[in-house]
Structure formats: structure tokens, C-alpha cells
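Notes to accompany the following structure.
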Amino acid sequence: RRATANRTLTVLKAALNHAFHDGRVTGDEAWRKVKPFRETDAPVVHFLSDDECRRVVNACDGAFRNLVRGAMVTGCRYGELTRMRARDFNAEAETIPVRESKSGKPRHVALTDEGQSLFTEMTAGHTGRDLIFVRDDGITWGPSHQQRPLDAASTRAKIEPTATFHILRHTYASALAMRGVPMGVIAAQLGHSDTRMTERHYAHLSPNY
């Protein structure tokens with residue numbers, strides 16, 4: 001399928017660009033000329049309804065519930081959330097910074113009232129270096145600790161397909177789009193370099209689309 005070829009091309013170009021920036025090849029002109037197929041299938045973005053969000057949160061246990069709530073109110077990736085420290089939360093500015101992101105560029109996520117309440121609760125009584133989100137046993141969340149409890153919560157909440165942190169990120173962005181938040185703001189919240197990806201995934205959900 002053309003959509004599959006486009007996704008493969010994106011990964012290939014990323015690898016070639018990495019090699020170029022590391023000085024392993026002398027130029028990037030060759031693959032810059034290769035263009036993806038046009039008019040491929042539109043991306044299917046799965047997101048949870050408000051009721052499904054409540055069911056998933058209620059089905060989560062202990063500290064994992066706060067981690068899921070954090071994803072829902074920030075749109076942050078699992079790894080971004082698990083690296084946040086108490087000192088990062090700025091209650092006056094109502095923001096939480098993402099210092100290490102997939103794109104390599106830091107960003108500040110503006111918090112809603114619900115988000116501010118959660119981070120105020122999670123940072124109360126903690127020193128600046130303390131991680132905001134840790135497991136019930138106090139151990140740091142690891143790279144593969146998230147999906148099994150989210151699978152279990154999805155089963156209890158009767159969510160199909162099973163929720164993932166990527167779906168929680170889509171849920172956050174979709175909710176903003178449906179409330180009329182400009183695409184540029186959503187892109188900034190998610191850490192997209194521009195609005196093209198944001199518009200491709202969420203513009204159809206906006207009331208003024």
C-alpha cells in the first residue's frame with residue numbers, strides 16, 4: 001500500500017539524515033528528491049471518549065492511575081512523563097516543561113485547571129529532584145512497565161481496542177481540536193515542529209474545519 005511505503009520512506013529518510021549529520025555521508029541531496037506518494041489513505045486516529053477516559057482511569061490501580069491521568073491532561077508520551085521532576089512544575093505559570101522529547105527539542109505544556117490540580121497534588125511535599133510519577137514501591141517506571149497494567153485496565157473498563165499511551169496522547173489532542181483550540185497551539189503542546197502533522201491527524205475534528 002502507498003501509505004505503508006510512505007511510512008517506510010519516513011523511517012529510511014530519518015536514518016539517512018542521522019548518517020548525514022554524523023558525517024558518514026557527504027550530502028543529503030539524493031534522498032531529499034524522493035517524494036512520498038500523494039493522496040494516500042487518511043490516518044485513522046483512535047481516541048477515547050470522555051466516558052471511556054473515566055472508565056480507564058477508574059480501572060487503574062494505585063500510582064499507575066496518576067500516570068494515566070498525567071497522560072490525559074498533558075498529551076505527553078510515557079517516557080516524557082516518567083522523567084518529570086517536582087521542580088519542573090510551575091504553579092504560577094501553570095506549565096510543565098518537557099526537557100527531553102522525541103524530537104530532541106524541549107517544550108512547555110500549558111496545563112488546564114484539571115492538569116494544574118493533578119500536578120499540585122503530585123508534587124506536594126516533594127523535593128525538587130523527586131520524580132513526579134513513580135510506582136507504588138517507589139521505583140522509577142521502566143521502559144516496559146506501562147502496557148501490561150494499561151491492558152488490564154482496558155479489559156476491566158471494556159475498552160476496545162486496548163488503550164495505549166499513544167492513544168491517550170491522541171485523546172488529549174483530539175479533545176483540544178473538538179473544543180476549537182487552534183492547530184498551532186495543539187502542535188506546540190504536542191511538540192510537533194509545525195502544524196502539518198497536527199492538521200493531518202486532528203483538523204477534521206475541529207468545529208471550524
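- No side-chain donor-acceptor contact under 3.5 Å links Asn58 to the backbone of Arg55.
- The 12-atom threshold is exceeded at NE2 of His126, counting heavy atoms of other residues, nucleotides or ligands nearer than 6.0 Å.
- The same ILVMFWY cluster, assembled from side-chain heavy atoms under 4.5 Å apart, contains both Val185 and Met183.
- A side-chain donor-acceptor contact under 3.5 Å links Thr127 and Asp130.
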Tabulate below the donor-acceptor pairs under 3.5 Å that side-chain atoms of residues 70-82 make, not counting sequence neighbours, or state none.
from: Thr74; atom 1: OG1; to: Gly70; atom 2: O; distance (Å): 2.7
from: Thr74; atom 1: OG1; to: Cys76; atom 2: N; distance (Å): 3.1
from: Arg77; atom 1: NH1; to: Glu80; atom 2: OE2; distance (Å): 2.8
from: Tyr78; atom 1: OH; to: Gly142; atom 2: O; distance (Å): 2.5
from: Glu80; atom 1: OE1; to: Arg77; atom 2: N; distance (Å): 2.9
from: Glu80; atom 1: OE1; to: Arg107; atom 2: NH2; distance (Å): 2.9
from: Glu80; atom 1: OE2; to: Arg107; atom 2: NH1; distance (Å): 3.2
from: Thr82; atom 1: OG1; to: Tyr78; atom 2: O; distance (Å): 3.3
from: Thr82; atom 1: OG1; to: Gly79; atom 2: O; distance (Å): 3.1

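- A donor-acceptor pair is defined here as one N or O able to donate and one able to accept, closer than 3.5 Å; such a pair exists between the side chain of Asp136 and the backbone of Ala63.
- Distance alone, capped at 3.5 Å, places no donor-acceptor pair between the Glu94 side chain and the Ala110 backbone.
- Between the side chain of Lys13 and the backbone N or O of Val34 there is at least one donor-acceptor pair closer than 3.5 Å.
- Rounded to the nearest 0.5 Å, atoms CG (Asp151) and CZ (Arg156) are 10.5 Å apart.
- Residue Tyr202 holds its OH atom at 8.5 Å from CD1 of Ile186, rounded to the nearest 0.5 Å.
- Taken to the nearest 0.5 Å, the CD atom of Gln116 stands 9.5 Å off from the OG1 atom of Thr95.
- Cluster annotation: Ile167 is connected to Val45 through the hydrophobic network of ILVMFWY side chains, with a link wherever side-chain heavy atoms come within less than 4.5 Å.
- Transitive grouping of hydrophobic side chains (ILVMFWY, heavy atoms separated by less than 4.5 Å) keeps Met197 and Val98 in distinct clusters.
- Not one N or O on the side chain of Arg87 forms a donor-acceptor pair closer than 3.5 Å with the backbone of Arg129.
- Judged by distance alone, the side chains of His192 and Thr198 do bring a donor and an acceptor atom under 3.5 Å apart.
- Under the 3.5 Å distance criterion, with hydrogens and angles disregarded, a donor-acceptor pair is assigned to the side chains of Asn66 and Arg69.
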